[in-house]
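I have placed the structure first, in the form of structure tokens, so that the comments after it can refer back to it.
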Amino acid sequence: MRYFTCIIIEEDATESARLKDLITQIGNTEVIGTTTTIKHAINLLNDLEPNLMFLSLNGDDLSAFKTLEKIKKQPTIVLIVNKTSANVSTFEANGLNYLTKPITEKDLQSLFAKLNQTHNQLAQKMQGLLGKLKFED
């Protein structure tokens with residue numbers, strides 16, 4: 001199982017704390033930062049370079065994506081959305097990682113299983129490609 005480091009970007013401090021607790025219970029992820037603003041998130045992301053980011057979208061918050069273009073090293077992004085205000089089928093159709101509020105431990109376990117499966121598939125492909133390389137003296 002892959003170990004993740006993550007940052008939570010959530011306007012609601014109560015939701016952020018709740019998500020952090022759930023993530024901690026799962027055990028394969030360390031929350032290395034939390035923030036309520038995108039601007040502060042840029043600094044955290046560039047300084048700490050997590051491999052996973054939980055980003056809460058409230059309504060039509062497309063400005064968050066424009067701001068995130070300023071990140072040096074892009075982590076895997078997990079969108080957190082309100083089920084009533086988001087078009088979940090769009091996320092599914094585009095293969096985006098997302099969670100709907102209220103997030104449950106089961107939701108997180110499913111997400112991490114999916115992320116681990118994707119990581120393992122990529123690792124196998126890389127091993128296959130590396131095995132085909134011929135090194136010359």
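All residue numbers refer to positions in the sequence shown, counting from 1.
Atom-to-atom distance recorded for L44:CG and I9:CD1 is 8.0 Å, nearest 0.5 angstrom. Taken from CD in Q117 to CG in L122, the straight-line distance is 10.5 Å, to the nearest 0.5 Å. The structure places CG of L111 at 5.0 Å from CG of L99, a figure rounded to the nearest 0.5 Å. Taking CG from N116 and CD from Q109, the interatomic distance works out to 12.0 Å, rounded to the nearest 0.5 Å. With rounding to the nearest 0.5 Å, the separation of CD1 in I32 from SG in C6 is 7.5 Å. Annotation: the span from Q25 atom CD to K20 atom NZ amounts to 13.0 Å, rounded to 0.5 Å.
Counting only heavy atoms from C-beta outward, the side chains of V78 and Y98 never approach each other to under 4.5 Å. Side-chain contact check for N97 versus I77: every heavy-atom pair is 4.5 Å or farther apart. Two residues are said to be in side-chain contact when any heavy atoms from C-beta on lie closer than 4.5 Å; L108 and L19 meet this criterion. At a threshold of 4.5 Å between non-hydrogen side-chain atoms, the residues N51 and T76 do not count as touching. With contacts defined as side-chain heavy-atom distances shorter than 4.5 Å, the pair F54/I23 qualifies.
Side-chain polar atoms of T104 and D107 form a donor-acceptor pair below 3.5 angstrom.
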Working for side chain to side chain contact (heavy atoms under 4.5 Å, CB included), residues L55 and I7:
CA-CA 8 Å; L55 174 62; I7 288 179; over 6 Å; no

Run the side chain to side chain contact (heavy atoms under 4.5 Å, CB included) check on I26 and F112 step by step: do they pass?
CA-CA 9 Å; I26 300 290; F112 285 120; 3.8 Å; yes

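Here the side chain of R18 pairs no donor or acceptor atom with the backbone of A13 at under 3.5 angstrom.
Between K72 and the options N46, I42, L45, a side-chain contact (heavy atoms from CB on, under 4.5 Å) holds for only N46.
Across every non-hydrogen atom of P75 and P50, the tightest pair is CB-O, 3.3 Å.
Under the rule for a side-chain contact (heavy atoms from CB on, under 4.5 Å), the partners of S16 that lie at least two apart in sequence or sit in another chain are I8, E10, T34.
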